[in-house]
Amino acid sequence: MVDFVLNGNAVSVEVDSSTPVLWVLRDELEMTGTKFGCGMAQCGACTVHLEGQAIRSCVTPVSAVAGKQVTTIEQIGAAALGELVQAAWIEHDVPQCGYCQSGQVMSAVALLQSNPNPSEDDIDSFMAGNICRCGTYIRIKAAIRSAAAKLA
Amino acid sequence: MSYEKIMQKLGRSYNAGALVNQPISRRRFMKIAGVSGLALGIAPVAVAEGDAEGKKQGLTPLQQPSEFLQIAEDGSITIIVNRLEFGQGSHTGLARVLADELDADWSKVDAKLANAGDAYKDPLFGIQFTGGSTAIAHSFTQYRELGARARAMLLTAAAEKWEVDVSALSTNNGKITGPNGKEAGFGELAVAAMSQPVPEKVELKTPDQFRYIGKGVERLDTRNKSTGQQDFGIDARRPGMKTVLLIRPPWFGGKVESFDASAASSIQGVDQIMKVDLDRDSVGIAVIADGYWQAKMGRDAVKVEWQHVDDIDALPDTTKMAEQFTELLGTDGLKARTSASLDKEVAKTISADFTFPFLAHTPMEPLNALIEMTGSGENTRVDVWTGTQFQTFDQGAVAGVLDVSPAQVTIHTQFAGGGFGRRATPTSDYLADTAKVMKAWTAAGRTEPLKVMWSREDDVRGGYYRPFTMHRASIGLSDDGDVVSWDHTIVAPSILKGTAFEPMLMKDGIDSTATEGVADSAYDLPISVDVHHPVTAVPVLWWRSVGHTHSAFVMETLVEQIARAGGVDAVDFRRKHLAKHPRHLAALDLAVEKSGYGERTLPDNQAWGVAVHESFGSVVAHIVEVSMDGKNPVVHKVTSAIHCNTAVNPRSVEAQIQGAAIMGIGMLLSGAEITLKQGQVQQSNFHNYSLPRMPVVPEIAVYIVPSQDPPTGVGEPGLPPIAPAIANAMLALTGEPVTTLPIQST
C-alpha cells in the first residue's frame with residue numbers, strides 16, 4: 001500500500017511499490033490524461049509534477065512519491081500558471097494528434113515556474129526531453145513565449 | 001500508380017459488383033437517431049470535381065444510408081467525420097466544410113469520428129480509409145452536398161410550418177428567417193426537417209459565398225488536447241478488461257519452440273501466458289495480466305526458446321542488403337519509364353548512388369487495440385476500439401480470424417496519437433494479432449475484454465518500415481549543360497508484393513510506390529527508370545509521403561547538381577524545366593518571393609537551399625537557410641509555399657507543412673535509421689532511434705498559393721522537398737553532395 005497526494009486529494013493504492021507512477025495513474029486510478037510513450041524517460045509524454053518539479057512518471061516507482069504531492073494534467077489548469085499555459089496552447093492551436101501534449105504542457109508549466117522569462121535556448125533545452133512526432137514544436141514555442149509575456 | 005491510385009483500385013476491387021445504380025429512396029436515406037432531431041445520412045451525387053478517373057468510370061454515389069449529421073433540438077450540431085483523426089485536422093476540416101453549406105452557427109458545431117460502416121467509405125474509392133492525403137480532397141464535395149441538402153430540408157420544413165413559399169426564406173448562421181420577422185433556429189425545425197424528402201439535387205455555394213471554407217479556425221479538438229481530456233484508443237476501457245503484451249520473435253517470422261512461464265506466472269496480477277499465432281506466420285507468446293505493468297513484469301520473466309534457424313547469417317542484415325542492392329543497381333530491371341536521349345554529344349556525366357535506410361513511423365501513441373467478444377454462434381458480436389487508418393480491411397481481418405462475418409465486427413474508431421501510415425497495414429497486422437489473442441483466450445474458456453498493447457520497443461522492432469531503398473543515376477550533359485540522357489535505377493523492396501493486394505495492384509511487376517516522384521517527374525528531362533524489388537523478410541510499409549520520401553531527395557539533389565554543372569541558378573533551372581507546370585511555378589515563385597532568395601544576402605557561413613516537389617496532388621517548395629556545425633547542417637530558417645488549391649483551414653495547412661517539414665528534417669539526423677544484424681533490429685527506443693526534438697527545429701514560415709480549385713492533399717506534401725533543400729544548401733557550403741541518409745556525423 002502506498003499513500004500520496006494526487007491533485008490535492010489523499011490517495012492510497014494497493015500495488016507493488018516498484019510500479020511506475022504512470023501505470024498507477026492510468027491502470028489503478030483510471031486517470032488517462034497522462035500518456036505512455038516510451039517507458040524509459042526518453043519522450044516526456046508521461047510528465048507529471050512531483051512537489052512542483054517535472055518528472056517522468058514512466059520511470060518513477062510509486063514508492064518514490066509516497067507521502068508527496070503529485071499533480072497531473074487533469075488538475076494543472078486549476079492553478080493560475082497552468083491555466084495561463086493551457087490558454088496559450090489553445091490560442092496558438094498547438095496540438096495536432098495531441099497525444100504528447102499533456103506532457104508538453106506539464107513541462108512548459110515546470111519551465112515557467114522555475115524560469116518565468118526563458119530565453120530561446122532555455123526553452124529549447126528544457127523542452128528537449130519532450131518529443132512531438134507531429135512536429136508542433138514551433139507552436140509549442142510560440143505558446144510558451146506568449147505565456148511568458150503574460151507573466152512579465 | 002500512386003498510393004492514391006492504389007487505394008482507388010483497391011476500393012473498386014473490394015466492391016466489385018457492389019457499386020450499382022440504385023434508386024434513391026427516402027427511407028434508405030433517413031435514419032432516426034434517438035428520439036428527436038434531424039439525422040441525415042446521404043451520399044454525394046457528384047464525384048469530386050477534377051477526378052477524371054471517377055468521371056470516366058461513371059462512378060455512382062455510394063447509396064448506403066447512414067448518418068452524417070445530427071441537429072439536436074437545442075440547436076447543437078454533431079457532424080460525423082468519415083476519417084481517422086490522427087493529427088491532420090480533417091475532423092475539424094470536414095465539419096467546417098459541411099457547416100459552411102449548412103449555414104450553421106460554428107459555435108454550436110462539434111464532430112465525431114465514424115465507426116466502420118458502409119456510409120463512411122471514401123466516395124471515390126469505396127473503402128473506409130485514411131491515407132494518401134485524401135481526407136479533405138475526396139470528401140470536400142461530399143460534405144458540401146451533405147450540408148446543402150440538410151439546409152434545403154430545413155428550409156422546406158420551415159416553409160411548411162409557416163405556410164410560405166420556400167423562396168421567401170433564407171438561412172443565417174443557424175437560423176431560418178422568413179417574411180414578417182419570422183425566425184426559427186435549426187434546432188426548432190430539426191424534427192420537422194427529418195420528415196422532408198432528401199433533395200436529389202442541390203445548388204452549392206460559389207467560393208465567394210463561403211463563410212468558413214478558407215478561413216483559419218481553432219481546431220475542434222484543441223481544447224481537449226491541451227487539457228488532457230482527449231481520449232485516444234489507448235485510453236479506452238471495458239469492465240473487467242485485461243491487458244496483453246506479446247512476446248514476438250527476435251527475427252521476423254520466428255516461432256516459439258518452447259517456453260517456461262513458471263517465474264512469470266507467479267507474478268501477482270499475471271493471469272495467463274499462452275502461445276499464439278502472430279503476424280507473418282510467426283508464433284509468439286501472449287502475456288495476459290490485470291494491467292500494463294503486471295503484463296510487462298510477466299513478459300520480462302518468461303523464458304522462450306525460439307525455433308532453431310540453420311543459417312543465422314541468412315537473416316536480414318542491412319550491411320549485406322546494401323551490398324546486394326548495389327549489385328542490383330548495375331543490372332537491368334523492370335522498365336518504369338523510358339525516354340529517348342537527346343541527339344547531342346555527352347560532354348560531362350553526373351553519377352551518383354543514393355542509400356536510404358529503413359525508417360520506423362513511431363507514432364507517439366504506441367499501437368494498441370481493445371477487443372471484446374460477446375454472444376455466441378450467429379449472435380456473436382465483436383467490438384474493437386482502436387485508432388486505425390484502414391477500417392474496411394481491419395473489419396474483414398478481425399472477422400476472418402474470429403470466423404464471424406464483417407457485419408458482426410464493430411470497429412469503434414478512436415482518436416489516434418499519430419500514425420504516419422503505420423495504422424494502415426495490408427495485413428491488418430496489429431488488429432489481426434489482437435483477434436488471434438482473443439481467439440486463444442476464448443478457446444481457453446475466457447470472456448473478458450482484452451487490450452493488446454505495444455511497448456515502444458515492440459513498435460521500433462516491429463517492422464513495417466519505410467523500405468530500405470537505393471537509387472543510381474547516370475546523367476549525361478552536353479557541353480552547353482543540356483541533359484542528354486538520364487539513366488535511373490531504383491532498388492526497393494515492394495510494399496505490395498507478397499500481400500493480398502499484389503495481384504490487383506502491381507502492374508508488370510512494378511510497385512509504383514517505389515518509383516513515384518521519379519517515373520512521373522514533372523521535369524521535362526529525358527529520364528529512363530528501371531526498378532528492382534528484391535524480397536527481404538523485413539515487413540515494409542508506406543511512411544508519410546511513401547516513395548516521395550526518397551524520390552524527391554534524389555530528384556531535387558540531382559537537379560541541383562545539373563544546374564550547378566551548367567552554371568545555372570537553382571531557381572532559374574527549375575523554372576525553365578517546369579515551364580509547363582503552373583502550380584509548380586506558383587509555389588516556387590511564392591517561396592522565392594517570401595524568402596528573399598536572390599534579393600537578400602545571407603551571412604558568409606550560410607547558404608540557400610531550394611527544392612520543389614509534387615506529391616498527393618499538391619506542390620510544395622521549401623527554401624532553406626543553412627550553416628554547418630561539423631558534418632551536420634544547422635537550419636536557420638525555412639520558407640515554404642504550398643499549392644493545394646482551396647485551403648479549407650489555412651491554420652491547419654500551416655501546421656501540416658511545418659510538421660511534415662520537421663519530420664523530413666528528422667530523416668537527416670544521425671541515428672534516424674533502423675538497421676538489422678543477423679535478423680535482429682538494432683534499435684529499440686528513442687535513445688537509439690533519433691527523432692527531431694525542439695533544438696533542431698528552425699522557424700518555418702508557410703505561405704499558401706491562393707486558389708479556388710477543389711482541394712488537393714496536405715498531410716504529406718510538405719515532407720518530400722525539405723531534406724533535399726537542406727542537402728542542396730550543404731552542397732553549396734561543403735562542395736560535397738549528400739547521397740546517404742541519415743547523415744553519419746561520426
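In what follows, chains carry the letters A, B, and so on, assigned in the order in which the sequence lines appear, proteins first and then strands, with residues in each chain numbered from 1.
Contacts between B:Ala416 and chain A at a heavy-atom distance below 4.5 Å involve the backbone alone (N, CA, C, O). The part of B:Val217 that comes within reach of chain A is its backbone (N, CA, C, O), which places non-hydrogen atoms under 4.5 angstrom from that chain. Of the atoms belonging to A:Ile123, heavy atoms from both backbone and side chain fall under 4.5 Å from chain B.
When all heavy atoms of A:Cys38 and B:Phe686 are compared, the closest pair comes out as CB-CD1, 3.7 Å.
Your options are B:Ala655, B:Gly89, B:Gly418, and the one with the most heavy-atom pairs under 4.5 Å with chain A is B:Ala655. The greatest number of non-hydrogen atom pairs below 4.5 Å with chain B, out of A:Cys97, A:Gly82, A:Ala87, is found for A:Cys97. Among B:Gly417, B:Gly291, B:Gly269, the residue making the largest number of heavy-atom pairs under 4.5 Å with chain A is B:Gly417.
To the nearest 0.5 Å, atoms CD1 (A:Ile131) and CE (B:Met364) are separated by 5.0 Å. The distance from atom CD1 of B:Ile662 to atom SG of A:Cys132, rounded to the nearest 0.5 Å, is 8.0 Å.
Contact of the B:Phe86 side chain with the A:Cys134 side chain is not registered, since no non-hydrogen atoms from C-beta on lie closer than 4.5 Å.
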Using distance alone, with no hydrogens and no angle check, list the donor-acceptor pairs under 3.5 Å between chain A and chain B.
unit_1	atom_1	unit_2	atom_2	d
A:Arg26	O	B:Arg237	NH1	3.3
A:Arg26	NH1	B:Asp235	OD1	3.0
A:Arg26	NH2	B:Ile234	O	3.1
A:Arg26	NH2	B:Asp235	OD1	2.9
A:Asp27	OD2	B:Tyr292	N	2.7
A:Glu30	OE2	B:Arg237	NE	3.4
A:Lys35	NZ	B:Asp235	OD1	3.2
A:Lys35	NZ	B:Asp235	OD2	2.4
A:Gly37	O	B:Arg456	NE	2.8
A:Gly37	O	B:Arg456	NH2	3.0
A:Cys38	O	B:Asn685	ND2	2.9
A:Gln42	O	B:Arg693	NH1	3.1
A:Gln42	O	B:Arg693	NH2	2.8
A:Gln86	NE2	B:Ser226	O	3.2
A:Glu91	O	B:Arg651	NH2	3.1
A:Asp93	OD1	B:Arg219	N	3.1
A:Asp93	OD1	B:Thr222	OG1	2.4
A:Asp93	OD2	B:Arg219	N	3.3
A:Gln96	O	B:Arg219	NH2	3.0
A:Gln96	O	B:Lys225	NZ	2.8
A:Gln96	OE1	B:Gln656	NE2	3.1
A:Gln96	NE2	B:Ala655	O	3.0
A:Cys97	O	B:Lys225	NZ	3.1
A:Ala128	O	B:Arg693	NH1	2.9
A:Arg133	NE	B:His361	O	2.9
A:Arg133	NE	B:Thr362	OG1	3.3
A:Arg133	NH2	B:Ala360	O	3.4
A:Arg133	NH2	B:His361	O	3.3
A:Tyr137	OH	B:Pro692	O	2.6
A:Arg139	NH2	B:Arg651	O	2.6
A:Arg139	NH2	B:Glu654	OE1	2.6

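Qualifying side-chain contact (heavy atoms from CB on, under 4.5 Å) partners for A:Val13, counting only residues two or more places apart in sequence or in other chains: A:Val2, A:Phe4, A:Val15, A:Val24, A:Leu29, A:Val62. Applying the side-chain contact (heavy atoms from CB on, under 4.5 Å) criterion to B:Ile267, with sequence neighbours excluded, gives B:Val270, B:Met297, B:Ala301.
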